[in-house]
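Counting starts at 1 for both ligands and their atoms, following the listed order. Position 1 is the first residue of the sequence; numbering continues from there.
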Amino acid sequence: ILGGSTAGAHQRPYMASLQVDGHHVCGGLLIAEQWVLSAAHCMEDMKGKTFQVLLGAHSLSQPEPHKRLYAVRAAVRHPGSNIETNDDDLLLLQLEEKATLSEHVKILPFQRQDVDVPPGTMCEAAGWGFTSHSGRKPDELQQVERPVKSREECNRRPYHDNTITDKMLCTDSRKKDTCKGDSGGPLICNGVAEGVVTAGARVCGNYKKPGIYTRIAAYVDWIDGVMAAAEE
Ligand SMILES: NCc1cccc(NC(=O)c2cccc3[nH]c(C(N)=O)cc23)c1
């Protein structure tokens with residue numbers, strides 16, 4: 001998160017840190033007791049290693065009473081996701097067991113109505129991604145407020161030049177933005193998860209490349225289907 005601030009400790013109890021070999025690689029959001037939603041691109045840097053999911057954390061390094069690492073029973077990438085585009089950039093992770101819910105670990109409701117968030121709506125992103133262009137990594141969860149940018153404007157040059165589909169949304173990225181390591185985390189508007197951070201142009205804090213998010217409401221059937229089909 002560029003240009004944001006440290007979140008209040010455990011004020012975003014749905015936040016997940018996707019970890020490989022004990023290192024944070026991506027964000028995620030707890031959408032059901034045994035399921036975390038994230039971004040398909042997060043599985044690229046994996047080279048067949050194993051994910052773990054950290055819940056209940058504020059600091060990545062300090063011991064915290066409600067912090068717990070969960071093993072992943074299943075990782076389901078959206079079938080339409082691929083490395084060349086931002087299309088269908090979603091990943092569902094089934095935890096090895098149901099998460100223990102508490103004041104520090106809570107499910108975040110997601111938008112089920114497939115209606116665009118009105119441009120100008122102020123939304124929030126959070127994550128443990130880069131806080132500077134040089135790649136500074138925070139220890140504590142960061143957050144930032146961003147206004148939604150209309151798809152019509154986001155699709156113009158010099159912005160994203162007709163790559164933003166109806167299943168994506170944009171936020172202004174002037175100075176304040178999501179960045180590497182924030183992928184997979186939620187965009188929250190009026191207390192509801194509307195988007196999942198995608199890396200987009202892999203540029204941070206440049207107004208010419210607005211932040212891009214996968215619109216969760218456009219994938220409700222896929223999400224419900226995967227969770228329903230998964231074995232106990
Ligand atoms: N909203 C934009 C956004 C949102 C989420 C993830 C990203 N991922 C990057 O941008 C990225 C990716 C790889 C190497 C990188 N190096 C740097 C860098 N040194 O700034 C960024 C990156 C961007």
Out of curiosity, is [X] lining ligand 1, as in a heavy atom under 4.0 Å away?
X    : value
I212 : no
G200 : no
G135 : no
S173 : no

Q. Is NZ or CZ of R215 both nearer than 6.0 Å to the six-membered ring centre of Y219 and within 45° of the ring axis?
A. no

Q. Hey, which atoms in ligand 1 end up nearer than 4.0 Å to a heavy atom of S183?
A. 5 (C), 6 (C)

(Q) Using a 4.0 Å cutoff against the non-hydrogen atoms of C204, which atoms of ligand 1 qualify? (A) 10 (O), 21 (C), 23 (C)

List the closest protein heavy-atom neighbour of [atom]: residue, atom name, distance to the nearest 0.1 Å.
atom                    : result
atom 17 (C) of ligand 1 : F130 CE2, 3.9 Å
atom 9 (C) of ligand 1  : R202 CA, 3.6 Å
atom 2 (C) of ligand 1  : V203 O, 3.0 Å
atom 11 (C) of ligand 1 : K180 CB, 3.6 Å
atom 23 (C) of ligand 1 : A199 O, 3.4 Å

Q: Return the orientation label for the H66 and H104 ring planes: parallel under 30°, perpendicular over 60°, tilted otherwise.
A: parallel

Q. Purely on distance, is any nitrogen or oxygen of H133 under 3.5 Å from one on ligand 1?
A. yes

**Q.** Distance-only N or O hit between ligand 1 and T198, under 3.5 Å
**A.** no

Pair [X], [Y]: side-chain N/O donor-acceptor within cut-off below 3.5 Å:
X    : Y    : result
T6   : Q142 : yes
R12  : Y14  : yes
Q111 : E194 : yes

Q. Cluster question for you: counting only ILVMFWY and a side-chain heavy-atom cut-off of under 4.5 Å, with indirect links fine, are I216 and V76 together?
A. yes

Q) Would a hydrophobic clustering, with Ile, Leu, Val, Met, Phe, Trp and Tyr connected at side-chain separations under 4.5 Å, put Y213 with V144? A) no

Q. Which part of V197 is near ligand 1, with near meaning a heavy atom under 4.0 Å away: side chain, backbone, both or neither?
A. side chain

**Q.** Over 12 foreign heavy atoms within 6.0 Å of NZ, K176
**A.** no

(Q) Counting only heavy atoms from other residues, nucleotides and ligands, does the tally under 6.0 Å from CG of D139 exceed 12? (A) yes

Q: Out of T178, L2, T171, indicate the one that has the non-hydrogen atom closest to atom 4 (C) of ligand 1.
A: T178

